[in-house]
Amino acid sequence: MTKKFQKAASFIAVILFTAMFAVFLLQIFSRYVLNTPLGWTLEVCIILYIWLVFWTSAFLLRECDHVSFNMLFLAAPRKGKRIMAIVGIACIVIAFIAALPVIIDYVMFMRIEKAPVTRIRLDYVYAIFPIFILALVLRGVLSLWRLVKADTYDKEIALIAGEDRIGDEEKL
């Protein structure tokens with residue numbers, strides 16, 4: 001991922017979080033200071049939260065930052081890690097590619113539904129999910145490419161295992 005893209009993705013995440021926090025503060029202020037709660041603030045917070053979670057998961061978190069059960073992977077020898085990574089990532093990529101048309105169809109179908117208070121169409125609310133899936137497929141394909149190439153598979157395995165973060169933790 002390029003530095004400019006990562007910076008732009010971080011900027012968008014900051015905007016989403018700031019907007020969510022501002023709406024949350026508005027909700028607290030209107031409820032406890034003005035004693036007139038605003039119904040739309042909760043709904044907007046939830047929508048912004050959905051977008052924030054999927055946006056950051058798709059574009060900002062590294063492979064080792066995601067929740068994973070990797071005890072067997074970490075215990076395997078280097079060649080075993082490479083095989084396990086290729087098989088695992090290939091399965092995920094294939095499953096997400098197979099699911100993508102149905103996901104897009106369902107999100108498009110949601111245009112007939114609206115959020116109860118704000119009346120925002122639900123296809124807008126959930127439009128981030130196909131973007132998330134596409135980003136994961138792209139990341140998976142790039143990871144597979146690096147795992148197959150002889151000169152980059154060691155670094156990719158280290159990234160997947162989180163070994164590149166050990167130096168960062170020791171600096172703290």
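Both backbone and side-chain heavy atoms feed into the values below; hydrogens, waters and symmetry mates do not.
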Exam field: side chain Trp51 to backbone Val125, donor-acceptor pair closer than 3.5 Å: yes
Find the distance between OH (Tyr126) and CZ (Arg121) and round it off to the nearest 0.5 Å. 14.5 Å
Check whether any side-chain heavy atom of Leu72 sits under 4.5 Å from a side-chain heavy atom of Met84, and report yes or no. yes
Look only at the side chain of Arg82 and the backbone of Ile157, and say whether a donor-acceptor pair between them is shorter than 3.5 Å. no
Could you state the interatomic distance from CZ (Phe129) to CD1 (Ile50), rounded to the nearest 0.5 Å? 11.0 Å
Taking a hydrophobic cluster as the set of Ile, Leu, Val, Met, Phe, Trp and Tyr residues connected by side-chain heavy atoms closer than 4.5 Å, whether directly or through intermediates, do Phe5 and Leu16 fall within one such cluster? yes
Nearest atoms (heavy-atom pairs only) where Ala19 meets Leu48: C-CD1, 3.7 Å
Please report the closest heavy-atom contact between Leu136 and Ser57, naming both atoms and the distance. CD2-O, 4.4 Å
Please tell me if the side chains of Met20 and Tyr49 come closer than 4.5 Å, counting only heavy atoms from C-beta onward. yes
So how far is it from Thr56 OG1 to Ile12 CD1, rounded to the nearest 0.5 Å? 12.0 Å
Output yes when a side-chain donor or acceptor of Gln27 lies under 3.5 Å from a complementary backbone atom of Thr41, and no otherwise. no
With clusters defined by side-chain heavy atoms of hydrophobic residues (ILVMFWY) lying less than 4.5 Å apart, directly or transitively, does Met110 cluster with Ile46? yes
Evaluation steps, side-chain contact (heavy atoms from CB on, under 4.5 Å), between Ile128 and Trp55: CA-CA 7 Å; Ile128 188 63; Trp55 182 266; 3.8 Å; yes
Gap separating the OG atom of Ser143 from the CG atom of Leu159, nearest 0.5 angstrom: 8.0 Å
Side-chain heavy atoms under 4.5 angstrom apart, residues restricted to Ile, Leu, Val, Met, Phe, Trp, Tyr: same cluster for Tyr32 and Leu34? no
Same hydrophobic cluster for Val141 and Leu134, using side-chain heavy-atom links shorter than 4.5 Å among ILVMFWY? yes
Would you name the heavy atoms of Leu52 and Ala13 that are closest together and state the gap between them? CD1-O, 3.4 Å
Could you check whether any side-chain N or O of Glu43 sits under 3.5 Å from a backbone N or O of Val117, counting only pairs where one atom can act as donor and the other as acceptor? yes
So, for Ile89 and Gly140, which heavy atoms are closest and what is the spacing to 0.1 Å? CG2-O, 3.5 Å
Is the backbone N or O of Leu26 less than 3.5 Å from a side-chain atom of Arg31, with the two atoms forming a donor-acceptor pair by type? no
Val14-Val53 co-clustered via ILVMFWY side chain contacts under 4.5 Å: no
For Asp151, is the CG atom crowded, meaning more than 12 foreign heavy atoms sit under 6.0 Å from it? yes
What's the spacing between Leu144 CG and Glu156 CD if we round to 0.5 Å? 8.5 Å
Please list, one pair per line, the donor and acceptor atoms closer than 3.5 Å that link side chains of residues 94-109 to other protein atoms, with sequence neighbours excluded.
none

Salt bridge (charged side-chain N to carboxylate O under 4.0 Å, His left out) involving Arg119 - partner list, sequence neighbours excluded: none
Rounded to the nearest 0.5 angstrom, the CD1-CH2 distance for Ile47 and Trp40 is 11.0 Å
